[in-house]
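Chain naming here is simple, since letters A, B, ... match the order of the sequence lines and numbering starts at 1 in each. Atoms considered below: every heavy atom in the structure, side chains included; atoms not considered: hydrogens, waters and symmetry mates.
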Protein chains: 2
Amino acid sequence: MVRRDPDRTRQEILEAAFHEMYRHGFQATGLEAILERTGVTKGALYHHFRNKTELGYAVVDEIVRPWMLERWRAHFEDTTDPVTALKRVMTAILDEMPEDVILFGCPLNNLTQEMSGVDEGFRVRLESIMEEWRGSIADALRRGQVQGSVRADVDPEATALFLIASWEGMAGVAKSLQDRAQAAAVLGVLGELVEGLRPARPVAGATA
Amino acid sequence: MVRRDPDRTRQEILEAAFHEMYRHGFQATGLEAILERTGVTKGALYHHFRNKTELGYAVVDEIVRPWMLERWRAHFEDTTDPVTALKRVMTAILDEMPEDVILFGCPLNNLTQEMSGVDEGFRVRLESIMEEWRGSIADALRRGQVQGSVRADVDPEATALFLIASWEGMAGVAKSLQDRAQAAAVLGVLGELVEGLRPARPVAGATA
DNA sequence: GCGGAGACATACCGACCAGTATGTATCATG
DNA sequence: CATGATACATACTGGTCGGTATGTCTCCGC
């Protein structure tokens, strides 16, 4: 074909690889499927990536990472009312996204479960994404505590990790049951419990 | 070797297969590893199982399923105070089990994430295990409602699914961070939230 | 306008591994 | 004690798939 547009070619490979990895997992993804999907040849692929593992790393770094962070981080970057923001982002994400995430789960979680025990390179990359995610939630909780919209006795780090765990667990359950309504029900329970993070009676200065 | 003890041979194959699948996932598990682990030969393996997939199914049915259910079901088979039982079973499981589950996650969750999207036979089996698990929790919650140890307005099915999701999410997070303390912290938050399932003021007849 | 490097394309290889073919030892049964 | 069936053991195969060797085309610097 001779496309002669290296950046675009590389990006297309990454996206196709993500598409396949998301659906079938990394190990079950064949290079052939990626090539067929992009029209790119094997020579081009190996020109841009040293091997399949490096391609996987690049997908994590350049696709999964922004995919996760932009979805969450932006939603409560500057909020002082993290509880409301949390509930909003959860329902927003659940509504906005197509059947994908219901059927295939959360990309971060999928890869973590599959690859953390198999390849250390994957593990550290996926862990750092999770830590960033956690940090953004914990920061928001701390700001909420300063502003009085979150109880002072909650542990921001532990709570943030719990929220991530519940979210990922929900995605896993939905993937297993293949049912959006069940996922919504789980999030409903989580939403109610999250309300418990607010102080019993609003303190002066609370945004809520 | 000629062991001539088919039941035991079969069981040993299943356990070795579980061992490998638990650590590396189903797809990454090679038959060779199982053979080496058991001392059984390929002929014996294929005498007991039609192919690798059938072996995987048998592992799910005969190892993973009892492994999960006996760990949970027994703990609150007849309890009327599911909240206390839940907190107890969670800490009990976390304490009792070796580094395995911290490092490798929950077998049910691992297989679900890896195989649900790849093979329908795995999906339905894993889903049915989760449904049984869910049912046992939901039943306990309902008994708690009858006895007044659980708020009447909680949805037993949705709450049970939420608890499972959180638990599985915790296991996933622990697997990623490879840190038992973090897992305990997540369970601590969950434990507090679970307390919120109790009625605000005890009703007559409550066991708590 | 030419040389070299980057950006592909094509054909091929070799290893791994699930699966099979075939052989043999043991046991139950009549 | 002959016979069939069960329970293995061993050697081999066939296909898939990640990886490579090699060639070609294009663009850019000089």
| Hey, what's the ring geometry for B:Trp133 with B:Trp72, parallel, tilted or perpendicular (30° and 60° as the breaks)? | tilted
| Nearest-0.5 Å distance, CG of residue A:Leu14 to CG of residue A:Leu55 | 6.5 Å
| field | Cation-aromatic face contact A:Lys52/A:Tyr46, 6.0 Å, 45 degrees | value | no
| Nucleotide D:dA9, atom C1' - distance to CD1 of B:Ile13 in whole Å | 13 Å
| said: Is any side-chain heavy atom of B:Val173 closer than 4.5 Å to one of A:Glu168? | reply: no
| request: Measure the acute angle between the ring planes of A:Tyr57 and A:Phe122, then classify it against the limits of 30° and 60° as parallel, tilted or perpendicular. | output: perpendicular
| Within the structure, does a side-chain N or O atom of A:Thr9 lie under 4.0 Å from either OP1 or OP2 of C:dA7? | no
| remark: Here the distance between atom P of C:dG6 and atom CG of A:Asp5, to the nearest Å, is 17 Å
For nucleotides 13-18 of chain C, list the nitrogen or oxygen atoms of the protein found under 3.5 Å from its nitrogen or oxygen atoms, one pair per line.
unit_1 : atom_1 : unit_2  : atom_2 : d
C:dA18 : OP2    : B:Leu31 : N      : 3.1
C:dA18 : N7     : B:Lys42 : NZ     : 3.3

| request: Tell me whether the OP1 or OP2 atom of C:dC8 has a side-chain N or O from A:His48 closer than 4.0 Å. | output: yes
| said: Using whole Å, what does the distance between atom P of nucleotide D:dC17 and atom NE2 of A:His24 come to? | reply: 12 Å
| field | Rounded distance (Å) that lies between atom P of D:dG18 and atom CZ of A:Phe49 | value | 15 Å
| query | Roughly, in whole Å, what's the span from CZ in B:Arg8 to P in C:dT26? | reply | 17 Å
| task | Would you tell me if any nitrogen or oxygen in the side chain of A:His47 comes within less than 4.0 Å of OP1 or OP2 on C:dC8? | result | no
| Heavy-atom check, side chain of B:Arg198 versus side chain of B:Asp81, under 4.5 Å | yes
| task | Could you state the atom-to-atom distance from CZ of A:Arg50 to P of D:dT20 in whole Å? | result | 10 Å
| said: Output the rounded distance in Å from CG (B:Leu45) to P (C:dT20). | reply: 12 Å
